[in-house]
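Data first, discussion second: the structure below is written as structure tokens.
We name chains A, B, ... by the order of the sequence lines, and we start the count at 1 in each one. All of these numbers come straight from a predicted model, not from anything done at the bench.
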Protein chains: 4
Amino acid sequence: MRGRPKSVETPPVIAPPWVPFEDRRRARDEKRDAVLRMAVKMFLTEGYHRTTLNEVAARLNITKPALYNYFRSKDEILVECYRIGQETYEANIEGIERQGGSGLAKVRALIRAYVRAITTDFGMCVTRLDDRELSTEARASVRRAKRSYDTAFRTRIEEGMADGSIMPCDPKLAAFAIAGSLNWIGHWYEPGGELSAETIGEEFAIRLTGGLAAK
Amino acid sequence: MRGRPKSVETPPVIAPPWVPFEDRRRARDEKRDAVLRMAVKMFLTEGYHRTTLNEVAARLNITKPALYNYFRSKDEILVECYRIGQETYEANIEGIERQGGSGLAKVRALIRAYVRAITTDFGMCVTRLDDRELSTEARASVRRAKRSYDTAFRTRIEEGMADGSIMPCDPKLAAFAIAGSLNWIGHWYEPGGELSAETIGEEFAIRLTGGLAAK
Amino acid sequence: MRGRPKSVETPPVIAPPWVPFEDRRRARDEKRDAVLRMAVKMFLTEGYHRTTLNEVAARLNITKPALYNYFRSKDEILVECYRIGQETYEANIEGIERQGGSGLAKVRALIRAYVRAITTDFGMCVTRLDDRELSTEARASVRRAKRSYDTAFRTRIEEGMADGSIMPCDPKLAAFAIAGSLNWIGHWYEPGGELSAETIGEEFAIRLTGGLAAK
Amino acid sequence: MRGRPKSVETPPVIAPPWVPFEDRRRARDEKRDAVLRMAVKMFLTEGYHRTTLNEVAARLNITKPALYNYFRSKDEILVECYRIGQETYEANIEGIERQGGSGLAKVRALIRAYVRAITTDFGMCVTRLDDRELSTEARASVRRAKRSYDTAFRTRIEEGMADGSIMPCDPKLAAFAIAGSLNWIGHWYEPGGELSAETIGEEFAIRLTGGLAAK
DNA sequence: TATGAATGAGCTTTCATTCAT
DNA sequence: AATGAATGAAAGCTCATTCAT
């Protein structure tokens with residue numbers, strides 16, 4: 001888990017030595033990724049402020065200034081973490097829009113998707129790290145994204161209330177309740193623990209809608 | 001604007017110089033409280049790290065070293081905030097143990113109590129601030145308290161499953177789901193906004209147990 | 001010349017202990033001045049970049065962060081040096097405008113005034129330090145001031161050409177020639193050396209106008 | 001835009017692989033010169049410290065380490081700039097020694113020569129850049145050269161005073177005044193501007209000696 | 001009790017320089 | 001001959017904390 005983590009993913013077979021350029025670029029990207037993965041992990045376990053670039057670098061067996069080959073500032077590292085996190089959410093949510101079904105079914109699908117996202121490091125960082133560290137623009141972007149997730153839930157709930165699959169309720173509070181349960185996962189989920197992301201997703205899809213579902 | 005700020009609040013008229021000892025202590029305690037109230041507010045809006053003691057002091061129209069009359073360190077201020085927060089929870093939860101009723105009724109009562117606590121500044125700080133800032137012992141104490149809240153929910157849920165007021169479910173996950181919804185309130189609640197703490201409490205007591213309640 | 005330079009100026013006699021506030025403020029201002037004087041000296045002898053705040057502080061027998069009690073940044077120290085330097089020029093030049101006499105006489109008076117200014121540390125810093133270190137606004141201000149000195153010379157030369165005290169010539173180039181000679185003083189003048197500022201002023205007033213004066 | 005930038009300048013067609021050795025060396029020298037010319041320009045416009053090797057390299061479409069093929073250090077680049085600058089002065093001054101004429105004529109010739117030198121980038125760098133950046137020996141060499149220019153002026157002035165072409169004056173101050181005017185040119189001269197180096201030379205040869213010339 | 005001043009420890013960032021390829 | 005990557009050494013700045021008054 002420390003140092004060169006990407007070595008696992010590079011093809012274990014003999015890499016042809018005559019693709020040095022491609023190689024270099026890949027190596028660079030892999031290292032950049034390694035930095036990000038290490039950074040997000042440390043940001044999550046230690047907190048952004050208490051994580052010094054020195055420590056990040058040390059854990060990667062490089063020195064602090066080397067990080068500046070891949071990122072312009074500590075801030076930029078954080079922004080990248082958020083960006084990847086947002087992508088994770090969007091990648092998981094994407095398909096749901098198109099898929100049919102009742103409002104309730106969609107809410108459940110959203111919950112499962114959200115759980116999948118929040119149980120990854122980058123996904124978790126979006127909800128657990130303090131977005132006040134970000135620059136004004138970056139923060140604005142992140143907040144917009146967060147609001148859009150909330151809106152997605154709210155809209156589906158209203159849809160469900162319209163099609164009769166969801167009992168009448170205040171969609172705003174209902175969405176807040178669901179979002180809270182989901183975001184909180186980031187505080188107790190342990191990767192590799194006895195509760196898998198799938199299990200949590202299934203359980204929460206039922207549990208959090210049990211009170212919404214029309215009888 | 002510089003120096004002498006407190007003179008405004010002390011009676012401008014000739015205060016008897018033999019001011020009783022009791023009075024002195026009260027004044028001192030009031031100032032200490034003022035510091036705490038200002039600090040917790042700023043910790044919540046700015047974050048602990050980004051809140052400098054200089055700013056806290058400035059907002060109170062005193063100077064930084066003056067804070068050290070009331071607290072030994074920034075850390076201690078934080079610890080105190082947590083302590084008061086914990087007290088708030090306990091004060092709200094206290095009566096519930098003794099009151100009778102089904103497991104479901106107790107869970108609902110817990111939810112209402114929890115909402116009352118988390119909508120105060122000090123209560124909010126317990127769940128929103130990062131307890132990794134605390135010293136090892138303080139953190140241990142806080143974590144113990146948090147766990148006890150979780151246990152309270154879990155126990156009541158199990159109680160409810162036993163007495164038939166709550167449908168069979170995984171009490172651990174159910175408690176997590178509820179805790180998440182409740183803790184999340186700290187991220188969107190606005191004191192003086194259109195949703196009062198009471199309203200939220202009532203609504204959540206129903207909403208969060210809708211899926212738990214046996215039909 | 002190192003450390004507490006102001007001690008010379010504070011009255012050596014018993015300072016009354018009951019003016020603590022005034023005292024404090026004076027002490028503060030004196031220290032601020034001491035920082036500036038030390039800084040400008042080091043900027044001149046070492047160059048701005050090669051002068052570290054650590055060294056400035058060390059020479060004043062304080063530590064680096066203490067400097068931040070008096071200035072917000074290294075930059076601000078530089079700006080202050082320039083500001084005082086400009087004041088020095090203006091204070092010396094001021095009277096000349098009002099005093100009568102031929103254009104030539106005024107040019108000579110300007111030369112003497114300029115020499116008086118440039119032979120002080122702060123005056124010297126305006127022409128010898130690199131104003132590209134300054135922020136855009138500060139630089140603009142400094143350049144404006146410099147241009148105004150140049151204009152002063154040019155205008156007086158034209159005046160002299162009009163009143164016949166100065167022989168016909170290109171006022172722009174003539175002003176440049178004079179400015180160069182004067183600014184260059186900062187590169188060879190040694191305070192306390194055998195050439196006093198007065199002597200240089202007198203000599204240059206003659207020398208630099210010898211070629212301008214109408215026969 | 002990345003890598004291989006120089007390929008544009010080397011003949012794109014199949015260059016005979018037995019490229020004569022001479023050619024290689026010439027190419028190398030040309031590149032070295034290109035570096036120097038770019039460096040001196042940037043040193044002058046940005047200042048030595050604010051000019052990073054990265055930027056120098058970038059403007060030449062090469063990378064930073066490539067510079068180290070031609071120079072051992074940033075310092076050495078600066079030293080070379082000074083060396084070329086000195087050569088420029090000496091090349092311009094050279095003939096004057098042998099040419100006859102009065103002391104005054106020689107001073108005027110020196111002025112013209114000096115202007116020719118200082119209006120080149122390398123010549124300008126000798127007087128405008130800060131020689132405290134140089135190593136002790138390099139600085140010593142530069143200072144020696146500068147002093148020799150000063151001595152040249154002083155000697156010619158004394159010569160002129162002896163042969164009656166120059167009126168009695170303090171040769172040291174007179175030389176300083178002239179040197180200042182000349183060195184200052186580096187601060188306002190614009191290559192390609194309306195004042196050509198020739199014009200300035202002619203004008204200054206007259207202007208700066210107008211006050212020296214015996215009537 | 002309160003203040004101005006000072007400090008130590010620590011952080012991010014920059015940059016000339018080196019090295020394996 | 002040239003590159004990408006890495007490094008060491010430093011610098012400016014911040015801030016909780018202490019101390020003399």
Side-chain angles (χ1 to χ4, degrees), chain A residues 17 20-21 23-25 27-28 31 49-55 57 60-75 77, chain B residues 2-7 24 27-28 31 49-57 62-77, chain C residues 17 20-21 23-25 27-28 31 49-57 60-75 77, chain D residues 2-7 10 24 27-28 31 49-57 62-77:
Chain A
F21 188 76
D23 238 32
R24 275 256 176 114
R25 254 253 317 254
R28 181 182 172 79
K31 284 182 191 167
H49 263 118
R50 280 179 306 280
T51 303
T52 72
L53 292 189
N54 244 339
E55 284 163 0
L60 290 165
N61 287 326
I62 59 177
T63 59
K64 186 168 41 171
L67 297 176
Y68 285 80
N69 279 323
Y70 308 106
F71 302 94
R72 269 192 299 260
S73 67
K74 188 183 181 187
D75 213 73
I77 298 182
Chain B
R2 61 167 56 212
R4 309 292 144 62
K6 272 303 177 119
S7 60
R24 278 259 182 105
R28 182 186 164 79
K31 286 183 191 169
H49 262 116
R50 279 180 305 279
T51 302
T52 71
L53 292 189
N54 246 337
E55 284 163 358
V56 174
I62 59 174
T63 60
K64 183 165 48 168
L67 297 175
Y68 284 81
N69 284 320
Y70 308 108
F71 302 94
R72 268 193 302 261
S73 69
K74 188 184 181 187
D75 213 73
E76 192 179 295
I77 297 181
Chain C
F21 189 75
D23 238 32
R24 275 253 176 119
R25 253 251 320 251
R28 181 184 171 79
K31 284 182 191 168
H49 262 117
R50 280 179 306 279
T51 303
T52 72
L53 292 190
N54 245 338
E55 284 162 0
V56 174
L60 291 165
N61 288 326
I62 57 176
T63 59
K64 183 168 46 171
L67 296 176
Y68 285 82
N69 278 323
Y70 308 105
F71 303 94
R72 268 192 300 263
S73 67
K74 187 184 180 186
D75 213 74
I77 297 182
Chain D
R2 62 166 55 213
R4 308 292 144 62
K6 272 304 176 109
S7 61
T10 46
R24 278 259 183 103
R28 182 187 163 79
K31 287 183 191 169
H49 262 115
R50 280 180 305 280
T51 303
T52 73
L53 292 190
N54 245 339
E55 283 163 359
V56 174
I62 59 174
T63 60
K64 184 166 47 169
L67 297 175
Y68 284 81
N69 284 321
Y70 308 108
F71 303 94
R72 269 193 301 260
S73 69
K74 188 185 181 186
D75 212 74
E76 193 179 296
I77 298 182

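Taking atom CG of residue C:Leu60 and atom C1' of nucleotide E:dT7, one finds them 15 Å apart after rounding to whole Å. Distance D:Lys74 NZ to E:dA16 C1': 8 Å, rounded to the nearest Å. Rounded to whole Å, atom P of F:dT3 lies 7 Å from atom CD1 of D:Ile62. Atom CZ in D:Arg50 sits about 17 Å away from atom P in F:dA11, given to the nearest Å.
Along DNA chain F, the nucleotide nearest to B:Asn54 and the one nearest to C:Asn54 differ in position, and the one closer to the 5' end is contacted by C:Asn54. If C:His49 and A:Thr63 are placed on DNA chain F by their nearest nucleotide, the residue sitting closer to the 5' end is A:Thr63. Along DNA chain E, the nucleotide nearest to A:Thr51 and the one nearest to D:Leu53 differ in position, and the one closer to the 5' end is contacted by A:Thr51.
C:Arg28 has a side-chain polar atom (N or O) that falls below the 4.0 Å cut-off from OP1 or OP2 of E:dA5. Distances shown here put a side-chain N or O of C:Lys31 below 4.0 Å from the OP1 or OP2 atom of E:dA6.
Taking the side chain as every heavy atom from C-beta outward, A:Asn54 and A:Thr63 never approach each other to under 4.5 Å. Side-chain contact check for D:Val56 versus D:Ile77: every heavy-atom pair is 4.5 Å or farther apart.
Contacts classified as salt bridge (Lys or Arg N to Asp or Glu O under 4.0 Å) and involving residues 62-72 of chain B (residues at least two apart or in different chains) are given here: B:Arg72-B:Glu76.
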Base-pair string, DNA chain F, Watson-Crick plus G-U, cut-off 3.5 Å on both distances, | for inter-strand, is .||||||||||||||||||||

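The side-chain contact (heavy atoms from CB on, under 4.5 Å) search around C:Arg50 returns D:His49, D:Asp130, D:Arg132, D:Glu133, not counting sequence neighbours.
Using a distance-only test at 3.5 Å, with no hydrogens or angles considered, no donor-acceptor pair links the side chain of C:Lys31 to the main chain of C:Tyr70.
Counting atom types as modelled, D:Lys64 pairs no side-chain N or O with a base atom of F:dT3 as donor and acceptor under 3.5 Å.
Contacts between residues 65-73 of chain D and DNA chain F, counted as heavy-atom distances below 4.0 Å, involve D:Pro65, D:Ala66, D:Asn69, D:Tyr70.
Residues A:Lys74 and A:Leu53 approach most closely at CG-CD2, 3.8 Å, considering heavy atoms.
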